[in-house]
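Note that ligands are numbered from 1 as they come in the structure, with each ligand's atoms numbered from 1 the same way. In this text the structure is predicted, and so the values were computed from the model without any measurement.
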Amino acid sequence: MEILHISAECYPIAKVGGLADVVGALPKYQNDRGVTSQVIMPFYDNDFTRKNNFSSIYESKLILGDTIFNFRILTLKNNNLGYDLFLVDIPELLFKEFVYSEEDTERFLAFQIAVLNWMLTWKEKPSTVHCHDYHTGLTAFMMTQCFKYEELSNIPTVLTIHNAQYQGWFSHDKVGLIPAFNFDNVGLLDWGGSINPLATAIKCSWRVTTVSPSYMEELKEDANGLESLLKSESAKCVGILNGIDFEVWNPATDSYLVKKYKISTVQSGQKANKKWLCTQFNLDVKKPLFAFIGRLVGEKGADLFPEVFKQALKDNKISILLLGSGNKEVESELHKLKDEFEGSYNTFIGYDEKLAHIIYAGADFLLMPSRVEPCGLNQMYALRYGTIPIVRSIGGLKDTIIDISVENGFGICHNEVSISEITNAIGRGRKLYQNQPKYKQIRKQIMSINHSWDASAKEYIKLYESLN
Ligand code: GLC
């Protein structure tokens with residue numbers, strides 16, 4: 001079986017969010033299980049592409065509306081990713097420093113057309129085409145509706161929804177960008193009066209998956225306008241929980257860490273990493289350290305942080321460290337708090353992979369008060385590194401974290417995203433920290449939870465098998 005994953009992001013080549021982590025890891029685990037799994041993505045102008053060498057294996061032209069673009073398919077030389085990687089180079093459209101922009105309708109449509117044009121030349125076609133998020137949402141439509149791709153129309157397609165908030169809407173005025181198809185079926189492109197690539201992919205793909213079972217259920221009630229579509233297509237929809245890459249995320253071998261550790265040495269390992277963080281960010285190593293890593297957007301509950309942090313820090317018993325960027329107003333509010341709470345609060349606005357790893361290792365608690373969380377990987381990284389997650393019970397967070405009030409529970413859960421509930425959850429964390437024997441026992445317990453991709457890779461393979 002040969003699977004082709006089509007995605008806008010893939011770690012370590014280009015990462016904006018969790019999508020990259022999934023596409024960068026799942027294929028490796030699928031290959032380990034005897035399925036040939038490959039990835040194709042755009043060729044961006046970034047650190048990775050500057051530092052690595054590529055060879056061109058195919059060159060051609062594509063037509064987007066009235067414009068002709070040259071494109072090349074590149075492969076990575078000296079590839080040790082664990083799967084074949086192909087990159088679509090369309091210099092005029094894709095080769096930019098950023099992944100996403102205002103021109104994404106044209107950019108990602110051209111990317112998908114290039115992928116399909118190239119696939120037409122393959123002697124052996126893939127057994128299944130696996131698309132990720134709306135950026136690749138028109139692929140299944142083009143494979144089944146565009147005259148040019150008729151030869152690809154029997155290949156099964158799977159869509160994985162990593163986040164249904166973003167759907168890639170564009171106006172019907174641009175329908176001419178899509179290669180010719182039977183116009184009687186233009187309705188497949190439409191949702192609520194616009195062309196909606198995510199809705200189109202849900203309609204046209206053979207199967208639709210989301211990245212956790214709870215998120216699949218939640219989408220039927222709240223999917224940014226796609227609720228009724230997901231309800232009517234529910235027979236082909238299934239939630240498969242993401243895993244994490246156990247090779248990349250392993251405190252025993254993680255070269256980013258100040259000190260590596262395993263379950264038996266978590267005590268000293270965490271201490272060394274926490275000490276480094278506290279020195280770097282001027283925090284008191286004796287207080288419990290609560291951290292947040294992620295995008296500062298409403299979906300993650302970040303707009304409430306300034307007020308939550310003020311309340312949580314006021315009696316001077318804890319420290320908070322935040323790594324992330326996003327909403328400019330939130331960033332500046334969070335920055336302002338630095339003076340007020342010097343010595344117990346700090347931020348790093350931006351993203352830094354090494355710092356993220358050290359925070360998972362050195363913090364005592366990780367905050368995830370998400371309003372929406374399709375799966376969430378950070379709570380799984382935290383578990384692996386022995387950091388106790390404090391989460392809002394939703395989506396993948398609900399599927400992975402059990403509250404300490406329940407037998408064998410190991411995390412702190414709250415139901416609402418409100419200042420009082422998040423502050424209260426932080427208070428519960430502080431209390432748990434005071435009970436050191438319990439806190440230490442939980443740390444060891446969570447490090448042994450297995451969220452490796454193994455189980456989920458198997459589920460995806462079963463799904464492909466059911467289509468072939
Ligand atoms: C998106 C979701 C996140 C999920 C990730 C990988 O970033 O917001 O919850 O873990 O995709 O599937």
Side-chain angles (χ1 to χ4, degrees), residues 5-30 39 41 99-100 130-137 158-168 198 201 208-219 222-224 226 237-246 248-249 292-302 323-327 351 353 356 360 366-384 389 391-401 417 451-453 455-457 459-460 463:
H5 290 272
I6 312 182
S7 173
E9 299 179 35
C10 175
Y11 180 81
I13 300 93
K15 169 169 168 173
V16 177
L19 166 64
D21 289 337
V22 171
V23 179
L26 174 61
K28 181 162 78 181
Y29 284 80
Q30 292 180 332
V39 174
M41 66 179 300
V99 173
Y100 303 117
H130 190 153
C131 296
H132 296 266
D133 274 352
Y134 82 84
H135 329 106
T136 56
V158 173
L159 164 76
T160 293
I161 304 176
H162 296 260
N163 194 332
Q165 294 299 306
Y166 308 103
Q167 300 171 6
L198 190 66
V208 176
T209 72
T210 55
V211 289
S212 71
S214 287
Y215 186 54
M216 185 83 252
E217 286 317 302
E218 288 158 14
L219 283 181
D222 183 2
N224 206 1
L226 303 182
C237 297
V238 58
I240 301 179
L241 189 70
N242 283 336
I244 57 171
D245 190 329
F246 258 38
V248 175
W249 297 94
F292 171 84
I293 301 176
R295 287 177 296 130
L296 300 174
V297 294
E299 260 184 45
K300 305 289 176 199
L323 165 64
S325 64
N327 182 295
Y351 188 72
E353 194 72 21
Y360 288 118
L366 186 81
L367 297 169
M368 293 183 77
S370 305
R371 289 196 173 86
V372 183
E373 197 61 83
C375 176
L377 300 170
N378 292 7
Q379 81 278 18
M380 298 197 236
Y381 300 145
L383 294 174
R384 177 95 163 127
V391 307
R392 192 247 176 139
S393 284
I394 189 145
L397 297 173
K398 190 167 159 190
D399 292 342
T400 50
I401 308 299
V417 183
H451 279 299
S452 143
W453 267 108
S456 330
E459 278 195 63
Y460 277 109
L463 181 85

Yes or no: does Gly376 have any heavy atom under 4.0 Å from an atom of ligand 1?
yes
Is Cys375 in contact with ligand 1, taking contact as a heavy-atom separation below 4.0 Å?
yes
Would you say the side-chain atoms of Asn224 and Tyr166 include a donor-acceptor pair closer than 3.5 Å?
no
Could you verify whether a donor N or O on one side chain and an acceptor N or O on the other, from Tyr351 and Glu353, lie under 3.5 Å apart?
yes
Minimum-distance protein heavy atom relative to [atom]:
atom	answer
atom 7 (O) of ligand 1	Gly18 N, 3.7 Å
atom 8 (O) of ligand 1	Pro374 CD, 3.5 Å
atom 2 (C) of ligand 1	His162 O, 3.2 Å

Thr160 versus Tyr460: any side-chain heavy-atom pair under 4.5 Å?
yes
With the side chain counted from C-beta on, respond yes when His135 and Leu19 share a heavy-atom pair under 4.5 Å apart, and no when they do not.
yes
So which bit of Val372 gets within less than 4.0 Å of ligand 1, heavy atoms only: side chain, backbone, both or neither?
neither
Within the 4.0 Å heavy-atom shell around Asn163, which atoms of ligand 1 are there?
8 (O)
Which ligand 1 atoms, with their elements, are less than 4.0 angstrom from a heavy-atom of Val211?
12 (O)
Considering both backbone and side-chain atoms of Glu373, is one of its nitrogen or oxygen atoms within less than 3.5 Å of a nitrogen or oxygen in ligand 1?
yes
How are the rings of Trp249 and Tyr360 set to each other: parallel, tilted or perpendicular (split at 30° and 60°)?
perpendicular
Between Phe246 and Arg384, is there a cation-pi geometry (under 6.0 Å to ring centre, at most 45° from the normal)?
yes
